[in-house]
Every structure is written in structure tokens, then in C-alpha cells.
Amino acid sequence: MPLDIVTVPCLSDNYAFLVHSPQTGETALVDAPEAAPIRRVLTDRGWTLSRILITHHHSDHVDAVEPLREEFNAQVVGATADAERLPRLDLAVAEGDEFEFSGHTVRVLDVSGHTVGHIAFHIPDGKVVFTADSLMALGCGRLFEGSAEQMWTSLSKLAALPPETVVCSGHEYTSANARFALTVEPDNPDLKARAAAIEDARANGRPTVPSTLAEEMATNPFLRANLPGVKALMGMAGSSDATVFAEIRRRKDSF
Ligand code: ZN
Ligand code: FE
């Protein structure tokens with residue numbers, strides 16, 4: 001039976017996600033930016049939280065962990081590598097680990113770069129991955145702690161997932177990301193179409209997250225740093241994938 005995924009807008013531009021199994025009635029939360037909007041969805045649907053999955057230590061992803069843990073007696077899951085910066089973990093996980101949620105396998109990917117110790121949660125049979133501030137809709141997280149090389153490795157792992165995978169990322173940054181992406185690939189027809197759809201969605205107050213990996217592969221410049229056409233447009237024909245990625249990231253930082 002498929003999982004229900006609900007996108008919960010929090011703070012000014014964060015997204016949390018509720019993952020609910022209609023079969024077992026269990027619900028997991030991915031990231032906890034703000035308690036009130038999450039509690040509202042849970043109340044409306046008559047759900048209670050059994051798990052809280054944390055992607056990384058930034059306060060806009062963990063601030064509501066403690067109140068929600070207390071309220072629902074939820075089990076908190078996060079990266080072993082980051083345990084000393086995260087709220088107390090009931091289950092500490094690392095790259096390659098798997099755990100079970102309501103009969104579904106959840107795989108842990110290390111996607112360091114934005115922070116060191118950032119993880120993503122992939123549910124293969126649910127065809128969904130929770131990427132927070134690693135791979136984002138038409139973008140990727142800023143490199144606060146890790147190197148460009150590290151982020152490129154992380155994005156390459158995500159790029160290898162099945163194209164139909166739904167990408168649940170952490171922020172509504174997509175309009176600005178689209179404007180930047182068009183400076184890298186002004187003539188990419190898929191990107192032009194997606195940018196127009198994003199503008200329309202935002203003008204009507206609709207979220208642009210989640211997306212699919214197939215869409216990201218076709219339009220996200222940070223996933224396309226390995227393509228000869230993109231390297232040429234960057235004036236970097238023959239440079240390594242990670243070097244081109246680093247330059248795209250650098251240009252975005254000052255965009
Ligand atoms: Zn962050
Ligand atoms: Fe964030």
C-alpha cells in the first residue's frame with residue numbers, strides 16, 4: 001500500500017514532510033522546523049507521530065524536535081556522525097544503513113556538503129527521497145561546511161536513484177534557482193518550460209516542492225555539471241565534473 005506524503009510549509013520558506021502509512025496508521029515526520037503547522041496537519045488528519053527523522057543540524061530543521069518528541073513520544077532518528085550537534089537520538093544511522101518504517105525499508109545516504117553529516121532518507125518502494133538542503137528543486141544547498149567535491153559526490157549518489165523518485169527538499173527557493181539556472185543554460189527547453197511553470201505556481205501560491213528526479217536531471221544545473229554541453233556553456237570544456245560543479249556553485253553564491 002502506498003505511503004501518503006504531506007508537504008508542510010513552515011517558517012518563511014521551509015518544508016517539513018509527513019509520511020503516513022494508511023496500513024499501520026503510523027506517521028513519520030522528516031525535519032521539524034516549527035511545531036504549530038506540523039501539529040495542525042496531524043490534528044486535521046487524526047494522525048500521531050511515531051518517528052522524527054532529522055536530515056541535518058541547522059536550527060530551521062531541528063528547532064521543533066523536542067516539543068514534538070515530548071508531545072507524541074516519538075522516536076528520533078539522525079546521523080551518528082552529527083550526534084553531538086543534534087537533539088538526543090533514539091536511533092543513530094550512517095551511510096548504507098537501513099531501518100524499517102511501517103513495512104517499508106528506509107535507506108540512509110550520506111549527502112554531506114551543505115553540512116558535514118547531512119543525510120538523506122530514501123524509501124525505495126515508496127519511490128521517494130528526502131534531501132532537505134542537499135539536492136533542492138532546481139538547486140542545491142550552499143556549501144557551509146563541506147567541499148564542492150563532497151557535494152558533487154553526494155549529488156551523484158542522488159542522481160543514481162530511479163528517475164521517477166520524488167524529491168522532497170527543504171526549502172521554497174525554486175524561483176530564484178530558476179532565474180540562476182537560466183543563466184547557465186538559457187536555451188534548455190525543459191528548463192524554460194519548468195521556469196514558466198514555477199512562476200505560475202508561485203504566482204498562485206502553490207509550492208514547487210516536491211519535484212521528480214527526472215525533472216531535476218533535465219533542468220537542475222548542479223546535477224548537470226558532468227554534461228559536455230554544460231561544461232562548454234561554462235567555458236570549461238575538458239574540466240572535471242567536480243570542478244565544473246564548484247564553479248556553478250560559486251557563481252550561484254554571488255548571483
Ligand atoms: Zn540547512
Ligand atoms: Fe535549511
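One-based numbering, in listed order, for ligands and for the atoms of each. Computation of the quantities below employed the complete heavy-atom set of this structure, encompassing side-chain atoms and omitting hydrogens, waters and symmetry-equivalent molecules.
If you look at H114 and ask which of its N, O or S atoms sits nearest the Zn ion (ligand 1), the answer is NE2. Within D133, OD2 is the N, O or S atom that lies nearest to the Zn ion (ligand 1). The Fe ion (ligand 2) lies closest to atom OD2 when only the N/O/S atoms of D133 are considered. Looking only at its N/O/S atoms, H58 has ND1 as the one nearest to the Zn ion (ligand 1). Closest approach between the Zn ion (ligand 1) and any N/O/S atom of H56 involves NE2. Between the Fe ion (ligand 2) and the N, O or S atoms of D60, the shortest distance is to OD2.
Using a 30° and 60° split on the angle between ring planes, F17 and Y15 fall in the tilted class, from 30° to 60°.
For the atom pair CD of Q75 and CG of L89, the computed distance is 10.0 Å after rounding to the nearest 0.5 Å.
One finds no salt bridge joining D97 and R107 here, because no Lys/Arg side-chain nitrogen approaches an Asp/Glu carboxylate oxygen to under 4.0 Å.
Residues V76 and V65 have side chains in contact (heavy-atom distance under 4.5 Å, counting atoms from C-beta outward). The side-chain heavy atoms of D125 and I123, taken from C-beta on, include a pair separated by under 4.5 Å.
Each of R142, H118, H61 was compared with D133 under the side chain to side chain donor-acceptor pair (under 3.5 Å) criterion, and only H61 meets it.
Expressed to the nearest 10°, the angle at the Fe ion (ligand 2) joining NE2 in H171 with NE2 in H61 is 110°.
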